[in-house]
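Have a look at the structure below before the remarks.
Convention: sequence-line order gives letters A, B, ...; per-chain numbering from 1. Every value quoted in this text rests on a predicted model; they were computed, and no experiment measured them.
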Number of protein chains: 2
Amino acid sequence: MTLLQENSPIKTSDMLIGALLRVPAEAIHRRIIHELNAAGFQELSLPHMALFRFPGPDGVRPSVLAERAGMSKQAMNRLLGSLEDLGYLVRSDAPDEGRARIVRFTKRGHAAWAKALEVLREIEREWRAELGPKDFSQLKELLFRVWESPLIR
Amino acid sequence: MTLLQENSPIKTSDMLIGALLRVPAEAIHRRIIHELNAAGFQELSLPHMALFRFPGPDGVRPSVLAERAGMSKQAMNRLLGSLEDLGYLVRSDAPDEGRARIVRFTKRGHAAWAKALEVLREIEREWRAELGPKDFSQLKELLFRVWESPLIR
DNA sequence: TAAATAAGGTAAACATAGTTTACTCGGAGT
DNA sequence: ACTCCGAGTAAACTATGTTTACCTTATTTA
């Protein structure tokens, strides 16, 4: 029932797609938090990453963000409250729609978002250098096909 | 500062590697939990997945599992305690090494582990059907090269 | 040999972060 | 005017993780 033999090297066929995706995804996640912290955005921790992820919270309503993050409106609201206290964003009234509000980055929020993108681009450069430009493009292309497919619904 | 243009379709180049890895990885994660629950392993929830992941906890020491999962020994110990109460595993004394213990799946634990692997293999079949066998193999091969590289340390 | 040290494991207090339950506010439909 | 609905909010509760502290056993060392 164990998955690996003793003393034999790991092969591609031993690895299932779950671990192959999860491990690098988590590594990227940790690195982004680490570099944001190091760049002066000390307060940002793991739960905040529910917001600092594609396609970002700027201009979006809290309930939509809750939906995207897969959490309750209340939990999202507390996250937003904490980030508002920390000066990363504001929740302003939406002019037209009833009681609706809209999340807007402050200057500091934009700076943090820009830093996160910068780290991600740096990571892409490193991967491209390691795999070679052609294979890296191929990897992104394949993952994009997964993205567009019904596989991940 | 926004990442996307209005009213234009998303292209590969818009997507950064972080989201391309994270979204499918999370989808797989959710599905495994869901199908384990449906298969009679109702009690298993998200935090338990820190153990139900490659290469599995069977035969491993608690402190190693804590290290792998990136959490404290105490937190891991509580997880193990909860799974022990639920009948998925036992912590037996290791015969030689001092106070060391070893985690062992019970029959139920083995069954859950086998089910998780089965779901994963089903997911792989679906992806292979969607992408085609050649491209799917290519995807795994590229991810494996990332796995072996220093990129994810 | 005896004492100090290190490593694995455990326990309790605490902090964090999420869900559940319940409420308010504003707009739309009747 | 009355009801209903959706968005947002608040408070109580729950879970899950960290911090702090301690026990046990083996190894090192004076």
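- In this structure, the side-chain contact (heavy atoms from CB on, under 4.5 Å) partners of A/Arg53, at least two apart in sequence or on a different chain, are A/His29, B/Arg22, B/Glu26.
- Contact annotation: B/Arg61 does not reach the phosphate of C/dA7 (side-chain N/O to OP1 or OP2, under 4.0 Å).
- For B/Arg99, the salt bridge (charged side-chain N to carboxylate O under 4.0 Å, His left out) test picks out no residue, with sequence neighbours left out.
- Contact annotation: A/Ser63 does not reach the phosphate of D/dG6 (side-chain N/O to OP1 or OP2, under 4.0 Å).
- Between B/Arg101 and C/dG8 there is no side-chain N or O to OP1 or OP2 distance below 4.0 Å.
- Comparing atom distances between the B/Arg99 side chain and each of C/dG18, D/dG8, C/dG9 picks out C/dG9 as nearest.
- In the region residues 70-80 of chain A, proximity to DNA chain C at under 4.0 angstrom, judged on heavy atoms, holds for A/Met71, A/Ser72, A/Gln74, A/Ala75, A/Arg78.
- Although no hydrogens or angles enter the test, the distance criterion places no donor-acceptor pair under 3.5 Å between the side chain of A/Glu130 and the main chain of B/Leu151.
- For the pair A/Arg91 CZ and D/dT9 C1', the computed distance is 9 Å after rounding to whole Å.
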Listing, residues 73-81 of chain B side-chain donor-acceptor contacts under 3.5 Å, not counting sequence neighbours, or none:
from, atom 1, to, atom 2, distance (Å)
B/Asn77, OD1, B/Arg91, NH1, 3.0

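- Rounded to an integer number of Å, the gap from A/Leu83 CG to C/dA17 C1' is 13 Å.
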Distance-only criterion, 3.5 Å: show the donor-acceptor pairs between side-chain atoms of residues 43-51 of chain B and protein atoms not counting sequence neighbours.
from, atom 1, to, atom 2, distance (Å)
B/Glu43, OE1, B/Tyr88, OH, 2.6
B/Glu43, OE1, B/Arg108, NH2, 3.4
B/Glu43, OE2, B/Arg108, NH2, 3.3
B/His48, ND1, B/Ser45, N, 2.9
B/His48, NE2, B/Ser82, OG, 3.2

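- Between A/Ile102 atom CD1 and D/dA7 atom P the separation is 13 Å, expressed in whole Å.
- Checked against ring pair (Phe, Tyr, Trp, His ring centres under 6.0 Å), A/Phe52 has the following partners two or more places apart in sequence or in another chain: A/Phe105.
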